Colleague: 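The structure follows.
Given the structure is predicted, the values throughout are model-derived calculations rather than measurements.
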Amino acid sequence: MKVLVTGTAGFIGFHVVDKLIERGDEVTGLDSLNDYYDISLKYSRLKEHGVHQNEIVYNRLVKSTTLPNYNFIQLKLEDRENLLTFFAYEKFDSVIHL
């Protein structure tokens, strides 16, 4: 199953991604990476999933260097134009919105 997880750099999203990957799903994580709390924690979680801070560019998909079924994109949910384009291109089976 191809799944999008929003809030993937947060505590719950990070662990949801782990379970989905463990299950064998193809997972894309999405996060705005805002500074609601310590941003270094978010980058640390992404790094654990094989996504390094220097590779992250807004609205560009980054492939994990350690998890073959995981990608990440920094994107704001209120960025309607880019979000709609992203959904049209990726064609997810399911979305877990955190």
Side-chain angles (χ1 to χ4, degrees):
M1 182 174 281
K2 189 171 184 176
V3 181
L4 174 70
V5 178
T6 67
T8 194
F11 179 80
I12 296 171
F14 172 81
H15 291 286
V16 168
V17 167
D18 283 343
K19 293 298 181 187
L20 293 171
I21 293 292
E22 188 177 293
R23 193 173 82 170
D25 293 311
E26 181 182 342
V27 181
T28 298
L30 181 149
D31 205 293
S32 67
L33 298 174
N34 64 39
D35 61 358
Y36 180 74
Y37 64 86
D38 188 358
I39 190 88
S40 66
L41 289 173
K42 295 178 182 189
Y43 284 123
S44 176
R45 290 185 188 116
L46 289 171
K47 186 177 179 182
E48 282 191 55
H49 283 158
V51 176
H52 302 277
Q53 182 176 350
N54 63 336
E55 299 171 330
I56 298 170
V57 176
Y58 186 81
N59 195 34
R60 186 177 303 155
L61 205 59
V62 178
K63 294 198 175 291
S64 168
T65 59
T66 58
L67 302 171
N69 291 345
Y70 181 68
N71 299 306
F72 172 78
I73 188 166
Q74 180 187 15
L75 189 60
K76 294 180 180 182
L77 294 176
E78 60 269 25
D79 184 348
R80 183 175 172 81
E81 183 178 331
N82 283 317
L83 192 63
L84 290 174
T85 301
F86 181 61
F87 267 80
Y89 181 77
E90 291 295 328
K91 298 179 177 37
F92 297 104
D93 297 311
S94 185
V95 175
I96 299 174
H97 178 53
L98 300 171

Colleague: Does I12 share a hydrophobic cluster with I21, counting links as ILVMFWY side-chain heavy atoms below 4.5 Å and allowing steps through other members?
Modeller: yes

Colleague: Rounded at 0.5 Å granularity, tell me how far NZ in K47 sits from OG1 in T65.
Modeller: 10.0 Å

Colleague: Nearest 0.5 angstrom please: R60 CZ to L75 CG, how far?
Modeller: 13.0 Å

Colleague: Begin from the C-alpha positions of K91 and K2 and carry the test side-chain contact (heavy atoms from CB on, under 4.5 Å) through to its verdict.
Modeller: CA-CA 8 Å; K91 298 179 177 37; K2 189 171 184 176; 5.6 Å; no

Colleague: Output the distance between atom CG (L4) and atom CZ (F92), rounded to the nearest 0.5 Å.
Modeller: 4.5 Å

Colleague: Any chance you could measure N71, atom CG, to L61, atom CG, to the nearest 0.5 Å?
Modeller: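 Here the rounded value is 4.5 Å.
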
Colleague: Hey, does D25 have a side-chain heavy atom less than 4.5 Å from the side chain of N69?
Modeller: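 No, side chains not in contact.
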
Colleague: Under the 3.5 angstrom rule, does the side chain of K42 hit a backbone N or O of N34 as a donor-acceptor pair?
Modeller: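 Side chain of K42 to backbone of N34: a pair is present.
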
Colleague: Please examine the side chains of L46 and V62, heavy atoms only from C-beta on, and report whether any two atoms are closer than 4.5 Å.
Modeller: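 Not in contact.
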
Colleague: Any side-chain heavy atom of V17 sitting closer than 4.5 Å to one from R45?
Modeller: no

Colleague: Are any side-chain N or O atoms of D31 and backbone N or O atoms of A9, one a donor and one an acceptor, separated by less than 3.5 Å?
Modeller: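 It does hold such a pair.
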
Colleague: Report the relative orientation of the aromatic rings in F14 and H49; use parallel for angles under 30°, tilted for 30 to 60°, perpendicular for over 60°.
Modeller: parallel

Colleague: Counting only heavy atoms not in Y37, do more than 12 fall under 6.0 Å of its OH?
Modeller: yes

Colleague: Hey, is the main chain of S32 close enough, under 3.5 Å, to the side chain of Q74 for a donor-acceptor pair?
Modeller: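 Yes, Q74 side chain to S32 backbone: donor-acceptor pair under 3.5 Å.
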
Colleague: When you measure from the side chain of S44 to the backbone of S40, do you find a donor-acceptor pair of N or O atoms at a distance under 3.5 Å?
Modeller: no

Colleague: Between V16 and V5, what is the shortest heavy-atom contact and its length?
Modeller: CG1-CG2, 4.2 Å

Colleague: Decide yes or no for Y70 and T8: does some side-chain heavy atom of the first lie under 4.5 Å from some side-chain heavy atom of the second?
Modeller: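 Yes; the side chains approach each other to less than 4.5 Å.
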
Colleague: State plainly whether one hydrophobic cluster holds both V27 and L77, where clusters connect Ile, Leu, Val, Met, Phe, Trp and Tyr through side-chain heavy atoms under 4.5 angstrom apart.
Modeller: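 No, V27 and L77 fall in different hydrophobic clusters.
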
Colleague: Could you see if M1 belongs to whatever hydrophobic cluster contains F86? Use Ile, Leu, Val, Met, Phe, Trp, Tyr and a side-chain cutoff under 4.5 Å.
Modeller: no

Colleague: For the CZ atom of F72 and the CG atom of L30, what is their distance to the nearest 0.5 Å?
Modeller: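 Reported value, rounded in 0.5 Å steps: 7.0 Å.
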
Colleague: According to a 4.5 Å side-chain heavy-atom criterion applied to Ile, Leu, Val, Met, Phe, Trp and Tyr, with indirect links allowed, do Y58 and Y43 form part of one hydrophobic cluster?
Modeller: no

Colleague: Kindly compute the distance separating CG (L33) from CD1 (I39), expressed to the nearest 0.5 Å.
Modeller: 5.0 Å

Colleague: Would you please test K76 and N82 for side-chain hydrogen bond (donor to acceptor under 3.5 Å, both in side chains) and show each step?
Modeller: CA-CA 9 Å; K76 294 180 180 182; N82 283 317; over 6 Å; no

Colleague: Using a cut-off of 6.0 Å, state whether more than 12 heavy atoms not belonging to F11 lie near its atom CZ.
Modeller: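 Open: at most 12 neighbouring heavy atoms sit under 6.0 Å from CZ of F11.
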
